[in-house]
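Scroll down for the structure; my scribbles are underneath it.
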There are 4 protein chains.
Amino acid sequence: MDLCPKRWSRRKEARPHEILEAALELFAEKGYAATRIDEIAARAGVTRGTPYLYFAGKEEIFKALIQELLLPALDEAEAMLDGFEGSAAERLRRIVHVWWQSMGETRLSALPKLMVAEAGNFPEVAKLYNDLFIVRGEAIFRQVIEAGVASGEFRTVDVEYALHVLCAPVVMAMLTRYMPYGHAALDPLRYLDCLLDLMLHGLQQCPQSAESKEKPDA
Amino acid sequence: MDLCPKRWSRRKEARPHEILEAALELFAEKGYAATRIDEIAARAGVTRGTPYLYFAGKEEIFKALIQELLLPALDEAEAMLDGFEGSAAERLRRIVHVWWQSMGETRLSALPKLMVAEAGNFPEVAKLYNDLFIVRGEAIFRQVIEAGVASGEFRTVDVEYALHVLCAPVVMAMLTRYMPYGHAALDPLRYLDCLLDLMLHGLQQCPQSAESKEKPDA
Amino acid sequence: MDLCPKRWSRRKEARPHEILEAALELFAEKGYAATRIDEIAARAGVTRGTPYLYFAGKEEIFKALIQELLLPALDEAEAMLDGFEGSAAERLRRIVHVWWQSMGETRLSALPKLMVAEAGNFPEVAKLYNDLFIVRGEAIFRQVIEAGVASGEFRTVDVEYALHVLCAPVVMAMLTRYMPYGHAALDPLRYLDCLLDLMLHGLQQCPQSAESKEKPDA
Amino acid sequence: MDLCPKRWSRRKEARPHEILEAALELFAEKGYAATRIDEIAARAGVTRGTPYLYFAGKEEIFKALIQELLLPALDEAEAMLDGFEGSAAERLRRIVHVWWQSMGETRLSALPKLMVAEAGNFPEVAKLYNDLFIVRGEAIFRQVIEAGVASGEFRTVDVEYALHVLCAPVVMAMLTRYMPYGHAALDPLRYLDCLLDLMLHGLQQCPQSAESKEKPDA
DNA sequence: CATGAATGAGGATTCATTCAT
DNA sequence: AATGAATGAATCCTCATTCAT
């Protein structure tokens with residue numbers, strides 16, 4: 001596999017991925033426009049011309065990010081959720097935590113920020129992001145909420161909107177990783193726990209709600 | 001003699017504000033770097049050179065946005081909340097709706113998007129945004145949650161985190177106004193109602209409560 | 001003459017001259033291109049538009065400098081030399097000192113600097129400067145040298161070149177007034193005295209000296 | 001296959017020097033401000049962007065001129081003077097001629113013009129020019145005059161000022177190469193000879209002045 | 001396959017000039 | 001006669017992209 005041990009053929013296969021990783025980091029740090037190809041190349045350990053051997057241009061690098069980096073993570077996340085058994089509440093907890101582990105706390109948290117910033121300039125990429133990530137992610141949340149409502153574990157709520165209410169703090173936790181002030185200091189896990197606490201109280205039927213974690217009195 | 005009614009309208013007073021409005025719109029649409037000064041000028045109804053009569057450069061325009069546009073809105077919002085009486089739940093509803101009216105559905109919803117995108121490139125502006133907007137906004141939410149907990153109307157929750165959970169969907173609703181897909185189609189008011197429904201259920205004490213939202217008297 | 005005592009009619013007559021004075025100072029300090037019309041206006045105590053009431057544009061201001069400021073000084077200098085009696089040596093001393101007083105140590109010393117810097121960009125002005133100033137000045141020096149040679153007071157020298165050798169240090173003394181380093185610290189009068197000392201020794205017949213190169217006859 | 005022999009010649013080493021040469025010529029012709037980067041690039045045979053590969057900007061090009069172009073010439077001139085034996089008069093003649101050959105009649109004669117024009121705008125460069133060129137040049141002249149006075153070959157003169165008197169015509173000869181009128185027509189060598197004739201007569205002891213070099217006949 | 005010198009279109013900024021007031 | 005807001009051509013500089021090596 002490495003018949004030709006020449007310096008530059010060493011990692012022929014790995015190059016495109018390395019370039020995308022470098023690009024993602026930089027796009028997230030500085031934005032698409034403010035990131036120079038030279039910087040991407042430098043961070044990927046190559047020189048100015050090399051990215052053009054693998055991508056048609058800066059915009060193509062941007063477009064490739066979603067396909068190449070997001071999809072595998074989504075597949076992984078879905079695999080982790082697959083076949084999980086338990087109450088709706090338990091499944092919701094698990095979803096939120098898996099989501100955070102496989103995306104929120106990885107370099108992929110950069111993508112929502114990038115999309116907020118650049119969706120308007122790259123509708124095509126935004127469509128891809130929407131179709132692959134948002135729709136797919138929402139489906140997972142929708143499923144568990146609907147199941148909870150159907151089984152009577154959850155109150156009857158406006159499912160389509162409730163799922164966005166539920167996702168919003170998770171996404172915000174990803175976005176704020178890139179803000180130099182404010183939210184930045186929050187502990188993500190405690191943030192997610194608080195979210196789940198509020199949401200499950202908000203969703204669950206009250207009467208038999210012995211769920212109350214903080215004060216299980218009564 | 002006056003075929004061309006007014007080649008320029010000599011409005012020294014109004015110009016800076018017009019330029020900032022134009023800049024805010026464009027920065028939100030396309031991002032800071034992708035917005036050309038010419039475009040800002042054109043949208044403000046002036047030509048290339050005019051913005052430089054009032055601002056030292058593009059960056060100064062950016063910096064001025066927060067001070068000039070955000071502060072008045074915040075003052076207005078706080079005035080609308082001032083002296084409002086009612087239960088914690090009622091106050092929370094009102095805060096969320098006032099917030100949305102005075103910022104979410106105005107052109108100011110552009111600022112959170114801008115900040116997500118550019119905070120890293122303009123830490124100085126991010127600090128201003130944080131100090132003037134985030135800190136001040138959070139204080140309002142913190143106050144009402146704390147009051148609710150103190151009066152026994154709300155459960156004991158992790159206030160500092162709960163307020164972020166509460167804010168997140170409101171901010172997300174602002175951000176998604178600029179996304180071409182997905183969330184964009186949601187009805188903001190229904191979204192906020194759903195948020196309040198979930199949050200109030202999540203916050204309120206739930207004795208034998210048959211869900212009575214506003215005033216579970218009796 | 002001042003029937004209309006309105007604020008701005010006060011010095012109608014003086015304006016153009018004030019503007020030229022301001023322009024000369026600034027052109028000498030910073031060069032033609034680096035001097036903004038605003039600066040000229042400000043130093044003349046008027047605003048941006050006013051210079052255009054008196055001059056067609058920046059270049060016309062430049063052109064006017066020579067005519068308006070240099071000629072009077074030259075006339076004055078020639079008047080001071082007129083009818084002066086004495087040996088060639090005495091006349092040379094007087095010329096150099098008058099020259100220095102009426103031009104070297106006044107703001108007119110700016111003109112040689114300006115001409116060195118801008119002659120190439122304004123050949124028309126350079127021609128004017130040459131015809132009015134250089135030619136006229138050289139004529140004065142030529143005259144006294146020729147008279148000295150004719151009377152036998154001076155050696156026979158290459159008059160046409162000697163006059164330039166004689167002028168050069170005077171001009172350099174004017175130029176170096178604008179250099180921040182080096183020559184700047186020299187005392188002009190001592191410099192001129194040294195020049196005259198050397199030149200007169202260089203020009204005068206050496207009593208018993210059989211040195212006479214060109215025309216060893218007599 | 002090679003219809004267009006070489007679109008660019010890939011001469012990393014030579015470029016900076018070529019650009020500086022082009023810049024020096026143009027700065028001397030038109031002045032710093034009036035010279036466009038495009039012109040410098042064009043004269044150097046490259047395009048707009050290339051100068052920026054080697055210099056941070058226009059000002060850096062200006063600053064580099066002194067260091068890169070002047071120093072080698074000065075070293076060369078000093079080498080040519082090194083170890084020269086002869087009377088003070090002979091040494092003075094030689095200095096003036098070497099000076100003229102290695103600087104006056106080369107493209108370096110542009111530097112004094114540039115400095116007269118721009119010293120005020122670039123004090124930092126002026127300092128460099130002063131320290132490297134003026135101080136060093138003056139030292140050479142000072143040395144020979146002092147030696148002449150010490151040996152009795154020259155009269156006792158105001159050395160510090162005499163050297164400036166001596167330098168001034170040499171510098172003026174450099175400056176006037178760029179004036180479209182007047183001095184321009186003079187023959188530099190005849191000018192220098194006249195200078196030396198006058199100066200040596202002016203410096204030398206008169207009585208026993210059997211100095212007559214050119215025509216020691218009698 | 002990789003490099004990096006060179007390109008040149010694009011965009012920020014300046015400032016001489018105009019003209020309604 | 002004077003002002004100064006507005007203009008827009010001119011110019012510096014950046015950086016995505018190309019291509020000879």
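Chain letters run A, B, ... following the sequence lines, proteins first, then strands; residues in each count from 1.
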| query | Could you give the OH-to-C1' distance, from Tyr52(A) to dC15(F), as a whole number of Å? | reply | 9 Å

| task | Hey, which sits more toward the 5' end of DNA chain E by its nearest nucleotide, Gly49(C) or Thr47(D)? | result | Thr47(D)

| For Asp38(D) and dT14(F), what is the distance between atoms CG and C1' respectively, to the nearest whole Å? | 14 Å

| query | Starting at the 5' end of DNA chain F, which residue's closest nucleotide do you reach first, Gly45(B) or Ala56(D)? | reply | Gly45(B)

| task | Take the protein atom NZ of Lys58(B) and the nucleotide atom C1' of dC13(F), then report the distance between them rounded to whole Å. | result | 14 Å

| field | Whole angstrom value for the distance that separates C1' of dA5(E) from CD1 of Ile19(D) | value | 11 Å

| field | Between dT13(E) (C1') and Glu39(B) (CD): distance, integer Å | value | 16 Å

| said: Counting only side-chain heavy atoms from C-beta out, which of dA2(E), dC15(F), dA5(E) sits nearest to Leu53(A)? | reply: dA2(E)

| field | Distance in angstrom units between Leu26(B) CG and dG11(E) P, rounded | value | 13 Å

| task | Look only at the side chain of Thr35(A) and the backbone of Gly31(A), and say whether a donor-acceptor pair between them is shorter than 3.5 Å. | result | yes

| query | OH of Tyr32(C) versus C1' of dC15(E): gap in Å, rounded? | reply | 12 Å

| message | Among dC15(E), dT3(E), dA6(F), which nucleotide has an atom closest to any side-chain atom of Tyr54(B)? | response | dA6(F)

| query | Is it true that a side-chain atom of Lys30(A) and a backbone atom of Glu118(B) form a donor plus acceptor pair closer than 3.5 Å? | reply | no

| said: Can you tell me which nucleotide in dT3(E), dA16(E), dA12(E) comes closest to the side chain of Ile37(C)? | reply: dA16(E)

| Which comes earlier along DNA chain E counting from the 5' end, the contact point of Thr35(C) or that of Arg48(B), where each point is its nearest nucleotide? | Arg48(B)

| Which residue, Val46(B) or Gly57(D), contacts DNA chain F at a nucleotide closer to its 5' end, judged by nearest heavy atom? | Val46(B)

| query | Does Ala110(A) offer a backbone N or O that forms a donor-acceptor pair with the side chain of Tyr178(A) under 3.5 Å? | reply | yes

| remark: The Watson-Crick or G-U wobble partner of dA20(F), with both key distances under 3.5 Å, is dT3(E)

| query | So do Lys63(B) and Glu59(B) actually touch side chain to side chain, heavy atoms under 4.5 Å? | reply | yes

| Below 4.0 Å: OP1/OP2 of dT7(F) and any side-chain N or O of Thr50(B) | yes

| Separation of atom CD in Glu59(C) from atom P in dC15(E), rounded to whole Å | 18 Å

| field | Between CG on residue Leu69(B) and CZ on residue Arg107(B), distance to nearest 0.5 Å | value | 5.5 Å

